[in-house]
2 protein chains.
Amino acid sequence: MAVSEATAKRRVTATDVAAVAGVSRATVGFVLNRTRGQTISEGTRERVLEAALRLGYRPNSAAQALASGRSRIVLFVLPDWPVEYSFRIYLDEASRVLDEAGYSLVTYTRRPHGETRPLWELLTPDSVFGFTSFSPDEIASMRGCGIRRIFPDPARQEPLDLSLAVSAGPRLQVEHLYEHGRRQLAYAAFADPLPSSLVQARHDAARERAHSLDLPPVDIRYIDYRDGSADDAVRAWHGAGVTGVVAFNDDVAAAVVSAAIRIGIRIPDDLAVIGHDDSPIATMFVPALSTVRFDTATLGRGFAEYAINQTEGRPLPDWRPPVSAILVRREST
Amino acid sequence: MAVSEATAKRRVTATDVAAVAGVSRATVGFVLNRTRGQTISEGTRERVLEAALRLGYRPNSAAQALASGRSRIVLFVLPDWPVEYSFRIYLDEASRVLDEAGYSLVTYTRRPHGETRPLWELLTPDSVFGFTSFSPDEIASMRGCGIRRIFPDPARQEPLDLSLAVSAGPRLQVEHLYEHGRRQLAYAAFADPLPSSLVQARHDAARERAHSLDLPPVDIRYIDYRDGSADDAVRAWHGAGVTGVVAFNDDVAAAVVSAAIRIGIRIPDDLAVIGHDDSPIATMFVPALSTVRFDTATLGRGFAEYAINQTEGRPLPDWRPPVSAILVRREST
DNA sequence: CCACGACGCTAGTACGTGCTAGTGGCCTGG
DNA sequence: CCAGGCCACTAGCACGTACTAGCGTCGTGG
């Protein structure tokens, strides 16, 4: 019921609280921050808390950040390709867990040729996490801002953050098509947002799994749902004897299935297509899309725990994301 | 080519730059901030800039915010329902324009029962924009943080920010179905993310347009693509003689069309369905979905300009968002 | 020759909080 | 009765930048 003293135009500071409570400013800080190793009598504590509540005191976060050197902000730099359905759940859950630990997760989409300083210079986050690795310039910029905790660690060679499972999905996709007797497979991705390292990583995983199953190479084709490239791709696959398509995500799968239907290629008899993520569209599509689902909420929680430990300087040595890919069988395979 | 002096562990401050350039700290500030009304000789200016560049100086944003009282951050509070495809384009464009004006747009999804302080307390943004109106508690919290510029203005009665066109889409949807001879219309929305005020606003707009065309009332039904509620809705509509469905967005339209196909109701002969947003799924779906498109990029730019003017304290008196809804005719109508 | 203004720069304070060093008072053990 | 320690609290510095007041110098007009 913070009854703010809206009469005063100046914002309420700890000094105001101290004056009202009849103590020094330091005491106010001790009480409100529950400073360990500092004993405060019950009476004083209550007077301070009461005064703070009555005045509607909110600490100035800029001053806190300046004085303490910590901002309690965790920055997550997103890739510039669109965030998928499942990734949003991932982020939501990660944000929730970080919130419980007293951190705020701020997401940031890189702006290649921005005028302003990148967001990490503006927020001075305690740590920065990236879905993909950072460029040397970006690393230098972060270091210059005093940001020490950067992940993926620029010192190591980790092109993609492990906190999102990459290979489990594609492996399962390939295995599923294999079990349905499909031997000639192809990989499909969108061309529009420039193919990212995630596309490459998933394709690599699919290719490797196919190789280990003694299947012929799984080539990748980039399609655009707006022009006729999906039609071209489906025709080319059909001509080359491809009977199974591994799609980067459900949207790509939908574009492939859609093109096949219009051309007259039967799904799944002539061509089996499997998506990735189990987004809403997979259920709604006609035919419904077989896909691979992740427990993204769990993954997000895993990332958050990882992030908290890293941010607080006690990294878990052998941390692995809790991976669990589940096959969702529907009509497209 | 900021060659940072990585040898020093301490972060580079303006004092370091001043020492290297052989001037006072104040002069460094004048040069780097291009302070108006302060003349600096060309030689000094160059020495300072050179020193700053060589040391890799990055101003401490927390200290800047503390000293200046401004953070150059614009916070956009998003509703807790998922951000749609078109809205992402809107945000991207808004972010770009704000960036050019030297502001960073940070988006924030409200966390109803969060442990940490809301993001506006952590960032002390120069202004906060909300898609929906704020609760009195939130307003109090923002005011307590010294945030003066809050939109929608709590003083006025604007439930929904005008910067995103609300009524033009639904009106066009209804008109389109009307032109195709559909007289008994229904409105469809998802039940899952709790129906928001945006759902209500669009439904209201559709209902009003139908009323002005002398059509019977347009009732709303909430469906879930995961259970059988879409089937139930389609059956109920069919029984009630509904021949046209106005969908909240393309996803909802897809769910309706999907249910209709599975039941055996012909699209568009028995039931015409029109979506909203022209998201990728509308093209890919079979049948392709008729929909309504917005020039969301222009709207985003409009919002950004509005936000910049408001933030810098020169509000445009009669500002209106640049609305332009376009009908996209496809197979579902 | 001097008053005066403009130029170019510096010293120093304010911003609000975290936190260390220190300071009385009280209690206890010898 | 006193030394010593703990309790409860305060004074004051540090954080790094923005910005005002002021100061010396130089040129110029009277």
Side-chain angles (χ1 to χ4, degrees), chain A residues 8-19 21-48 51-52 55-72 102 117 121-124 126 144-147, chain B residues 8-19 21-48 51-52 55-72 117 121-124 126 144-146:
Chain A
K9 276 199 177 175
R10 231 185 67 265
R11 103 172 258 174
V12 178
T13 71
T15 309
D16 300 331
V17 176
V23 295
S24 75
R25 213 183 39 65
T27 306
V28 173
F30 292 145
V31 170
L32 296 179
N33 300 336
R34 293 185 192 79
T35 310
R36 293 165 60 86
Q38 187 62 240
T39 49
I40 300 285
S41 71
E42 195 51 37
T44 306
R45 154 174 274 108
E46 275 175 18
R47 277 212 317 286
V48 169
L55 294 177
Y57 169 66
R58 320 269 166 164
N60 181 324
S61 53
Q64 282 184 317
L66 179 60
S68 69
R70 283 173 296 115
S71 60
R72 304 208 70 84
R117 304 147 66 190
E121 299 197 4
L122 227 69
L123 304 182
T124 49
D126 292 341
C145 292
I147 301 170
Chain B
K9 278 200 175 172
R10 232 184 68 264
R11 106 172 255 173
V12 178
T13 72
T15 309
D16 301 330
V17 176
V23 295
S24 75
R25 225 188 55 270
T27 305
V28 174
F30 292 144
V31 171
L32 296 180
N33 299 338
R34 294 185 192 78
T35 310
R36 293 164 61 85
Q38 187 61 243
T39 49
I40 300 286
S41 71
E42 195 51 36
T44 308
R45 155 175 272 106
E46 276 174 18
R47 278 212 317 286
V48 169
L55 295 176
Y57 168 67
R58 320 269 166 164
N60 182 326
S61 53
Q64 281 183 318
L66 178 60
S68 70
R70 283 173 295 114
S71 61
R72 303 207 71 84
R117 305 145 66 187
E121 299 198 5
L122 228 71
L123 304 182
T124 49
D126 293 341
C145 292

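Residue numbers start from 1 in every chain, and the chains themselves are labelled A, B, ... in the order their sequence lines are given, proteins ahead of strands.
Here B/Thr27 reaches the OP1 or OP2 of C/dT10: one of its side-chain N or O atoms lies under 4.0 Å away. Considering only side-chain N and O atoms, B/Thr39 lies nowhere under 4.0 angstrom from the phosphate OP1 or OP2 of C/dC9.
Side-chain contact between B/Arg117 and A/Pro59 is present, with at least one heavy-atom pair separated by less than 4.5 Å. In this structure, the side chains of B/Val28 and B/Val31 stay at 4.5 Å or more apart for every pair of heavy atoms. In this structure, A/Thr124 and B/Arg11 have side chains that are in contact, with non-hydrogen atoms separated by less than 4.5 Å.
Contact between A/Ala63 and B/Leu66 at its shortest, heavy atoms only, is CB-CD1, 3.8 Å. Closest of all the heavy-atom pairs between A/Thr13 and A/Tyr57 is C-CE1, 3.5 Å. Contact between B/Ala52 and B/Val17 at its shortest, heavy atoms only, is N-CG1, 3.8 Å. Taking every heavy atom of both residues into account, B/Thr15 and B/Arg25 meet most closely at OG1-CD, 3.0 Å.
Across C/dC9, D/dC9, D/dT10, the shortest atom-to-atom separation from the side chain of A/Thr44 is found for D/dC9.
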Quiz item: How does each nucleotide of nucleotides 12-17 of chain D score, in 5' to 3' order, for protein heavy atoms under 4.0 Å: base (B), sugar-phosphate only (S), or none (-)?
Solution: BB-BBB
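Computed from C1' positions of five pairs at each end, the angle between the two local axes of the helix from C/dC1-D/dG30 to C/dG30-D/dC1 equals 60°, rounded to 10 degrees.
Between the CZ atom of B/Phe30 and the P atom of C/dC9 there is a distance of 11 Å, rounded to whole Å. Residue A/Arg36 contributes atom CZ, which lies 17 Å from atom C1' of C/dG18 at whole-angstrom precision. Rounded to an integer number of Å, the gap from CZ of B/Arg47 to P of C/dC9 is 8 Å. Taking atom CD on A/Glu42 and atom C1' on D/dA8, their separation rounds to 13 Å, with Å as the unit. In this entry the distance linking CD1 of A/Ile40 with C1' of D/dT10 reads 11 Å, nearest Å.
Interface remark: the A/Gln38 side chain does not form any donor-acceptor pair with the C/dC19 base, using a distance-only criterion of under 3.5 Å.
With hydrogens and angles ignored, the 3.5 Å screen pairs no side-chain donor or acceptor of B/Ser71 with any backbone N or O of B/Ala65.
B/Val28 comes within 4.0 angstrom of no nucleic acid atom, judged by non-hydrogen atoms across all strands.
For B/Ala67, the side-chain contact (heavy atoms from CB on, under 4.5 Å) criterion is met by no residue, not counting sequence neighbours.
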